[in-house]
2 protein chains.
Amino acid sequence: MGTTQLETVPEPKYWHLKTVLGEALDSDFAVGEVLPNERDLAARFGVARATLRQALEQLELEGRLQRRRGVGTTVAPPRVGVDVSTTQQEWPGADPDAWQPVDAVSAVAPAAVAKMLGTDPADEVHTVRRTRVTHGQTVAAELLYVPSASVPELPAIDIPSGPARARSVLRELQRLGMEGQDRAVELGSARVDDAKELDRLPGAPVLVVTTRYLAGGRTAAVSVATYRADTCRLTFGDTGDVRISHHTDERRAS
Amino acid sequence: MGTTQLETVPEPKYWHLKTVLGEALDSDFAVGEVLPNERDLAARFGVARATLRQALEQLELEGRLQRRRGVGTTVAPPRVGVDVSTTQQEWPGADPDAWQPVDAVSAVAPAAVAKMLGTDPADEVHTVRRTRVTHGQTVAAELLYVPSASVPELPAIDIPSGPARARSVLRELQRLGMEGQDRAVELGSARVDDAKELDRLPGAPVLVVTTRYLAGGRTAAVSVATYRADTCRLTFGDTGDVRISHHTDERRAS
DNA sequence: AAGTGGTCTAGACCACCGA
DNA sequence: CGGTGGTCTAGACCACTTC
């Protein structure tokens, strides 16, 4: 032995803190329990509050803690598995239990979306806002962009903005023959409006799921859904029925 | 114009900074270009360095910047789309171009993995380490856990740890009839070893893709792959051939 | 050695929540 | 109102890369 270099790299304090706190969470705390406040914790570990916060931030990012301004820091429950598989090829709106229509307006789509749709970036498209609720928690906020060409028969403009109009757009979409979907997942930070729906601060980490719906040989609609990264695990089941219920939690490994 | 309520809520400085910087990136910088250093930028905007850093962190999280210690901050290229679809049901190792076997050892799996495998948490399983390389960049580091029961004919123990042993485990896996896969994506932070493979600092944000491989009516293997969240977009194509080449970049929308 | 980003400190004030 | 987390400051030193 002797060859192995022991700790050539001094471990940053916040990293060590995170490890210690993580172990404490496993052994000494129950889900939902509130931790001491940041000033106390920092004093207890003999570090500045900023350093303590760096550790807490990481633990929150990993879905182990939940922090709320004015309230405190609590131990988060295991992440909830949210099914986003595409095996059941269906139009958005087919499962009304999961998604709640919030609003619908006509507006110009972001340049990136217009490009996917193949529409003029200056053209207005139907923009439907929905939220996804699971286990009583809003886990995702979505913007669905539907070019007028995809829903030619929409009576449309006379319906005022609101959930009713959102539903009518979704209803029209069902009439098209869906040919496929294309999905992508990436990390993002919550925009102000999404943050509000998700009960998070702006900039909170989110998983952005972008879906292209194909019909009639072209992109008939595009959905951009932002999921809370702290509380969600996106599942893509391929096996039909099998589904892991709710995380693999390994608490109290002892 | 004019009518919009200007800032009922005072916007945090770092948030405003992020917006300003983001727009500057779109208009005044090319991919790969290096930004002024943090001290200069902070002075230029009249804020403390910590505040400036908070803005940079967010932009890096969104994949717009890349920072490297001792070097500087550069404008990141658009995220690369990485296919992680499960439509082609194949065992890991079937596409040797994408994944590079690094090593294989026998070790006890994490409790969460053992639970998925249905093995005794104290039992050792074959643990294969691989990295995924795309466009000359290592985008993912994977640990593949294979219980001995899944590869009964593995000559095994006499092969020393290393790429050769990794390949032999993968080869044995191919012999099983695959019945399905189960996949999940969630946000995580890079462990020390993964960070090293990915050329990132420990704690860097990663997308963790957990895959269960089903064969013989049970979970025959479990893979935990961590993708660089800053540079990767995970794609789940469902349409056969259609694939978006490399991001929808909307630079210089002007 | 010089310059970069990464870590850390010890304060301060602000925004929000609940009693 | 008091207590919480969120923002911000003006420093300091460290680890790393490059020359």
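Note that the coordinates shown come from a computational prediction; the quantities given were computed from them, not determined experimentally. Letters go in sequence order (proteins before strands), and every chain restarts at 1.
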Check your understanding: Does B:R39 get its side chain close enough to the base of C:dG3, under 3.5 Å, for a donor-acceptor pair?
Key -> no

Check your understanding: Separation of B:Q66 atom CD from D:dC16 atom C1', in whole Å?
Key -> 16 Å

Review point. What nucleotide among D:dT18, C:dT9, D:dT7 has an atom nearest to a side-chain atom of B:P12?
Key: D:dT7

Review point. Heavy-atom contacts under 4.0 Å between residues 193-208 of chain B and DNA chain D, which residues?
Key: none

Point to revise | Length of the line joining A:E57:CD and D:dG5:P, which is rounded to integer Å | key: 13 Å

Review point. Do other residues, nucleotides or ligands put more than 12 heavy atoms under 6.0 Å from A:R68 CZ?
Key: no

Check your understanding: If only side-chain N and O atoms of A:Y14 are considered, is one of them under 4.0 Å from the OP1 or OP2 phosphate oxygen of C:dC8?
Key -> no

Review point. Closer than 4.0 Å, any side-chain N/O of B:T73 to the OP1 or OP2 of C:dG5?
Key: yes

Practice item. Give the intermediate values and the outcome of side chain to side chain contact (heavy atoms under 4.5 Å, CB included) for residues A:R200 and A:V206. Key: CA-CA 10 Å; A:R200 299 257 61 196; A:V206 290; over 6 Å; no

Practice item. Give the C-alpha distance, both sets of side-chain angles, the deciding distance and a yes or no for salt bridge (Lys or Arg N to Asp or Glu O under 4.0 Å) between A:R132 and A:E142. Key: CA-CA 8 Å; A:R132 183 167 181 173; A:E142 178 202 51; over 6 Å; no

Exercise for review: Measure the acute angle between the ring planes of B:W99 and B:Y227, then classify it against the limits of 30° and 60° as parallel, tilted or perpendicular.
Suggested key: perpendicular

Review point. If you fit an axis to the five pairs at each end of the helix from C:dA1-D:dT18 to C:dG18-D:dC1, how big is the angle between those two axes, to 10 degrees?
Key: 10°

Check your understanding: Between D:dC14 atom C1' and A:Q54 atom CD, what is the distance in whole Å?
Key -> 14 Å

**Study point:** From A:Q54 atom CD to A:W15 atom CH2, the distance as rounded to the nearest 0.5 Å
**Key:** 11.0 Å

Practice item. Taking atom types as modelled, find out whether B:S189 and A:E62 have a side-chain donor-acceptor pair closer than 3.5 angstrom. Key: yes

Point to revise | Whole angstrom value for the distance that separates C1' of D:dT7 from NE2 of B:H16 | key: 16 Å

Exercise for review: Decide if atom CG of A:D199 counts as having more than 12 heavy atoms of other residues, nucleotides or ligands within a radius under 6.0 Å.
Suggested key: no

Point to revise | Interatomic distance, A:L17 CG vs C:dT9 C1' [rounded to whole Å] | key: 14 Å

Exercise for review: For the side chain of B:T51, starting at C-beta, report the closest nucleotide among C:dT9, C:dG5, D:dT9.
Suggested key: D:dT9

Check your understanding: Is the phosphate of D:dG3, meaning OP1 or OP2, less than 4.0 Å from a side-chain N or O of A:N37?
Key -> no

Check your understanding: Under 4.5 Å between any side-chain heavy atoms of B:V84 and B:T211, yes or no?
Key -> no

Review point. How many angstroms lie between CZ in A:R79 and OG1 in A:T231, if you round to the nearest 0.5 Å?
Key: 8.0 Å

Exercise for review: For B:R69 and D:dT18, give me the distance from atom CZ to atom P, rounded to whole Å.
Suggested key: 13 Å

Review point. Atom NZ of B:K13 to atom C1' of C:dC13: distance rounded to whole Å?
Key: 12 Å

Check your understanding: Hey, are B:R67 and B:T73 close enough side-chain-wise for a donor-acceptor pair under 3.5 Å?
Key -> no

Review point. With no angle test and no hydrogens, is the base of D:dG6 tied to the side chain of A:R49 by a donor-acceptor pair under 3.5 Å?
Key: yes

Practice item. Whole angstrom is fine here: how far is it from CZ in B:R53 over to C1' in C:dT4? Key: 11 Å

